[in-house]
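To find a chain, count down the sequence lines: A is the first, B the second, and so on, and within it residues start at 1.
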Amino acid sequence: MSFGSGQGVKCYHSEHLYGEFWHRAFTVSPDTPMCEYLVSFGANVEASGGVCGVKRHADARKRGMKRVQIEPHLSVTGACSAEWVPIKPKTDAAFMFAMIHVCLHEQPRTRLDLPFLKHRTSSPYLVGPNGFFLRDPGNGKPLVIDTRTDRAVPFDTAGIDPAIEGSFVADGVEVGPDNERMSHRGARAAPSFGLLVDHVKDYAPEWAGAICDVDPSIIRRIANEFLDHARVGETIEIDGEVLPLRPVAISLGKTVNNGWGGYECCWARTLLACLVGALEVPGGTLGTTVRLNRPADNRWSSVVPGADGFMEYPMNPTGKDEWLSRPSVRSAHRTLVPLVANSAWSQALGPTHLAWMMQNEEFEKFPPASPPDVWFVYRTNPAISFWDTESVGAAIARFPFTVCFAYTHDETNHVADVLLPDCTDLEGLQLLRIGGTKYVEQFWDYQGFALRDPAVPPQGEAKDFTWIATELAKRTGLLESYNAGINRGAAGVRLSGANYDFSLDPAKTHDVEMIWDAICRAASAELTDGAESQGLAYYREHGLRVKPFPRLQWYLYPKLVEAGLRFELPYQERLFRIGQELGRRLHEEGIHWWDRQLEEYEPLPKWRNLTAIWENALANHYDVRIGDYPFWLITARSMQYSWGGNVSIQLIREVAGNVAGHGSVVMNPAAAERLGIADGELVEVSSPLNHTKGRAMLSSGIRPDTLLMIGQFDQWATPFAKEFNAPSMNALTPMLLELTDATGSSADLVKVKVARLERAA
Amino acid sequence: MTRWTMVADLERCVGCQTCTAACRHANATSPAIQWRKVLDVESGVYPNVSRTFVPVGCQHCADPPCMHVCPTTATRQRADGIVTIDYDICIGCAYCEVACPYQARFLEHAQHFAYGGTALPNEVERADDARLGVAQKCTFCSDRIDFGIENGLTPGIDPDATPACVNACIADALHFGDIDDPNSNVSRLLRQQRSFRMHEELGTDPGFRYVYGQANGSDRGDAGEIAPTEQAGGLRAKGIEPAQQSHWDWKAAANFICGGMGAGLLAFAAGASIQQAAAFPIGWAALAIIAVGLFFVWLKIGRPWRFIYVLRQPQRSWMSREAWIAGVLFPITAYAIWSQAPIWMIAAAIVGLLFLFSQAMILREAKGIPAWRTRSIVPLILLTGLAEGGGLFLIAAGLLAPLMTIVPAASVAVVIFSALRSWRWRSYLNALAAEGAPTRTLAVLASYRPWFFAFGLALPVLLILFAVVVASDAPLLLAAAGSSVAASGGLLKFILVTRAGFNQGFALAHTPVRGAGAAGPAVKPGWGPAVRQTAKSGAWFGFLTKDKAAVRH
């Protein structure tokens, strides 16, 4: 799992980690059914939000929801938005910092949701001279100033009205890294919110406008529109409970929240929601699934009280005796990224590119990484979908033994030692959990199960995945533990419950339909508390089975109120401390190559010159004059190709051809004219790492300093797709430590130059 | 009454092409034959740019130009407004395709499969040879509608009675229903929303409406006539702006060229036959020329062995009338030549001119091609036919000595017709500019203008003057003059059909509201004044350059 197939740049990596940390939001979504004003920083939801996202946003537009799309090119989502703001790539954080500035420095405090800030965030927590919360020396709880008594009291003291601004003198103790206690008497301390106000003082729209190449008046107007639509003070009744109604939200695209700048953007987005009380309330910004916390099937259940009035979070330990100095897996996630936790998903979150990088280079004081003895690949094609695909492909070719589940020949399974011909989704059998809350735009009024029943018989030698898995288990002597795993819920449903048991006999070999019949029975029982137990035949007849899912559970806010907890914003004291601890551990081992990442553990993120980070990294690593690479190359999701597993389907290529940009290098006509490039001409796009070719497509819907390549291509083995000759940026984007942030992600972004290869026919 | 209508909500549509895929599946059309598709229309200049997704296909017009021009009655209209095609009658002449202003019709001559030569099992099962060589288009899934009605279902409401594209739409952007029923889903929707129809100005009364905002919303830009939209260098306008039609190629052009030359020559022969019996045999040449043109058309049509069906609709179709007139023209001319009676020859010439007139009207009725549908095309085609015929007569006169006696009169006639032709050519260009035409149509024609003046008028007049006044009817000079007149006229029609025959393209009367704000201005890329500098047609011989963006059919 350490070898990523695209994670880190192709997913919403930073959002997964910080979202889950702050509001159990492995994926973040606006409450689209109620939202009225959405600021979307490059989130291409019309292409990536699935059928549900498209329908909900279309409905929202008809309701009058205003979506402002802020991105370097006019995507499908930008096309369907009320306004497009062409922002310079990777400067989104500056835009959001300026929005925060407008809220805090240009508008009266009454525009903010002060009760929310005081009681549902850490805004009142006092911060001591060393940057840590000032705590009660006795119970260690963070202190706040009660304005009624002007005294510092523990945050959870009943009946207080805490100050969120001002400068105070108080006694207390700070707890630093490795539990170091710093006692103070009469120390100068300020509430977290007050520090935030100071922190963003210089981040005015005029400052951001110059960075983002956006008129400051646009930034200011959007910030004010955000406030205007927030309806601070209004409420709505959901399932009999009165909740705040805050129909404003901010969503982030993947390149916005990945790599350097991701922390700033995730923080600013979540903070803006907090300023108006729009986090995890109707109309606002919501999390929709949990993958790092437990239990993962219900966001509410994952809300466990932790220290300081916040939710518990399963950080990878950084304490002196707990830190894992020798990585147990190639991505070293437990060693380098405390925030990624250690759930079944954590290893895949990585940083997975370290696993690939380590195949080619050694990291000082880190154990050398060997190739895997056996590498299993399930329907993924990292030789195309990762970044720096050339070096990934070379590493794959050196692996001693590779086993691939596959329904088509592709660039990764081209080198497989064993190919297991898997059924396609139209040929295989599976019961899927549906409804509830799950992924972006997936929050429903029902939950249950749906059957994916074979529509056609398997073609050729293809076998159902369950058959293949069972045979593998049997032939390798793992049948009992395999069956036991299914009984425990490995196929999505635990086969036994309080008053039902459809467990498989662990000692026997079960055929595909027997296994799924048992799973269907358990699913029926789960939905009915054991009262019913219809099996596969029922699902084949009805297709699905659901029960109501309470809408109240879309929102985390009522659960936090019930538990008396707060969102861990704005001040990141815990991350600040953990970062220092991690630095100590790494330095104790003599590891200094992660130092730049350690700098990101800031309590209040400050603006970094992200352009310079990219340019310097490329210039230094490849010894090039970065001025020779004047364009930013970005990518965008193709709805038609989705993740690209369907590139061999002629119809997909045909209909995708109706959507502008597919298979082309999209560039602004003014930039093209400067270079003498005409529409349709073959051009070569080169980064310091590699180059690709494609036909130029001129579009006014892109910044003059930006090029766009939609989707991921470059196939040379996949049938049909290998004839596309479409450009792909994946080969051009380098895996560099300098471009890796503290969460272990980078961004789909690189500087390039472009040259015409031949005149248009 | 019932009139089935499709409504596309542009505020909802995200261009996902699910409808395109659903239509391809439901109707088993060949690769790239998209009865339904969604255009991706960009307008504006950075940074003030908008992008609109526009579902298109057959608009099932109440006054469908495709039906009016169909010579075989294959294209008909049902009582519920659905325009249908009878694959068993259609001859694949593609006249309907150039008559349709919505690029909704397709014609394929062989089965095409997703992966080249080898058909997939589903393709083998669903391939329909009846569709080869004939026109095809969106049917509004009339089979589903009929099935639904027979089973008490409501089209547009019940999925089993609703077009596949509407069922498939994931954004609820496509709606279908009976617009004549004030309580239908589409009637209610259209009362709540503002809408427009594409190319409303052409008067086809389309059964496809585009919703672009709430009824109480506001607009940016004019709601009236669509102003052409400037697009730099064809930017992002491929597939949107007018493209050179590819349904009628050089073979179709040959029919217009030969028809004009033959009819004109026959007219001159008839005039000459009054004084000189030697002119009668020229009638054979005229018929031969016309026959060659018709032969080329026969080669062009998709179902040549059904050609006789072309006679089925003289009451409406000028192509049918052309065929009927040809049917009279050949025997009457043959009789005239056999009888050596000038009166019959004149009668034949009149029929020949009717044939020429029917050819002019064929172009005039092609509503999908702005360069053809203008009224001023008719006198231009008539006069260029006469001038070309005169040119050929001068050549013939050089070969038949007895005819030299009437050369002076014929020369004067040629000069007059050439002058009139030039005058009508100028009027035609002015009319196009005034009525509006695709930019590239104007550019192509403008590039031919000096050549046409030089070789269609100036040179032949000079040659004729020299031949008549100075050289005493030098046959070679007259033949050169005649050749110049004929060739320039023939080339004019070749250019009109194969180089300047740009289609209507697509246009929006409004770009839609997107959740908030006002509706945007109209978009009509590729229309405007002639631009000589355009890449494809700015060169000296720009009129000969073929537009590579010609639409596939």
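- Across all their heavy atoms, B:Thr20 and A:Val655 have their closest contact at CG2-CG1, 3.8 Å.
- In this model, no donor atom of one side chain and acceptor atom of the other lie less than 3.5 Å apart for B:Gln17 and A:Glu654.
- One N or O on the side chain of B:Arg514 and one on the backbone of A:Ala79 form a donor-acceptor pair closer than 3.5 Å.
- Residues A:Ala58 and B:Ala171 approach most closely at CB-O, 3.7 Å, considering heavy atoms.
- Contacts of A:Met65 with chain B are made by backbone atoms alone, with heavy-atom separations under 4.5 Å and no side-chain atom involved.
- Residue A:Ser664 does not touch chain B at all, counting heavy-atom pairs closer than 4.5 Å.
- Summarising the geometry of A:Met639 relative to B:Cys16, their closest heavy-atom pair is SD-CB, 3.1 Å, with the distance given to 0.1 Å.
- Between A:His57 and B:Val14 the shortest side-chain heavy-atom distance does not fall below 4.5 Å.
- Looking at B:Cys13, only its backbone comes within 4.5 Å of chain A, counting heavy atoms on both sides.
- Of the possible polar contacts, none joining the B:Tyr46 side chain to the A:Ile702 backbone as a donor-acceptor pair under 3.5 Å is found.
- Heavy-atom pairs under 4.5 Å with chain B were tallied for A:Ile652, A:Ile649, A:Leu74; the largest tally goes to A:Leu74.
- Here the closest heavy-atom approach between residue A:Gly64 and residue B:Ala516 is recorded as O-CB, 4.1 Å.
- A side-chain donor from one of B:Gln193 and A:Lys62 sits under 3.5 Å from a side-chain acceptor of the other.
- Note that CD of B:Glu42 is 3.5 Å distant from OG of A:Ser699, once rounded to the nearest 0.5 Å.
- Crowding of B:Glu125 atom CD: a count of heavy atoms from other residues, nucleotides or ligands under 6.0 Å not exceeding 12.
- Interface remark: B:Asn48 contributes no atoms to any contact with chain A (heavy atom separation under 4.5 Å).
- Side-chain contact between A:Val76 and B:Arg51 is present, with heavy atoms from C-beta onward closer than 4.5 Å.
- Both the backbone and the side chain of A:Arg703 come within less than 4.5 Å of a heavy atom of chain B.
- Nearest heavy atom pair, residue B:Val49 against residue A:Ser700, reads CG2-O, 3.3 Å.
- Here the shortest heavy-atom pairing between B:Pro31 and A:Gln650 reads CB-NE2, 3.5 Å.
- In this structure, A:Lys55 and B:Ile170 have side chains that are not in contact, with every pair of non-hydrogen atoms separated by 4.5 Å or more.
- A 6.0 Å sphere centred on CD of A:Glu673 holds no more than 12 heavy atoms belonging to other residues, nucleotides or ligands.
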Exercise for the section: Determine, stepwise, if the pair B:Arg12 / A:Asp59 fulfils salt bridge (Lys or Arg N to Asp or Glu O under 4.0 Å). Expected result: CA-CA 8 Å; B:Arg12 283 182 170 274; A:Asp59 289 346; 2.8 Å; yes
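- Looking at B:Asp40, its side chain does come within 3.5 Å of a backbone N or O of A:Ala660 through a donor-acceptor pair.
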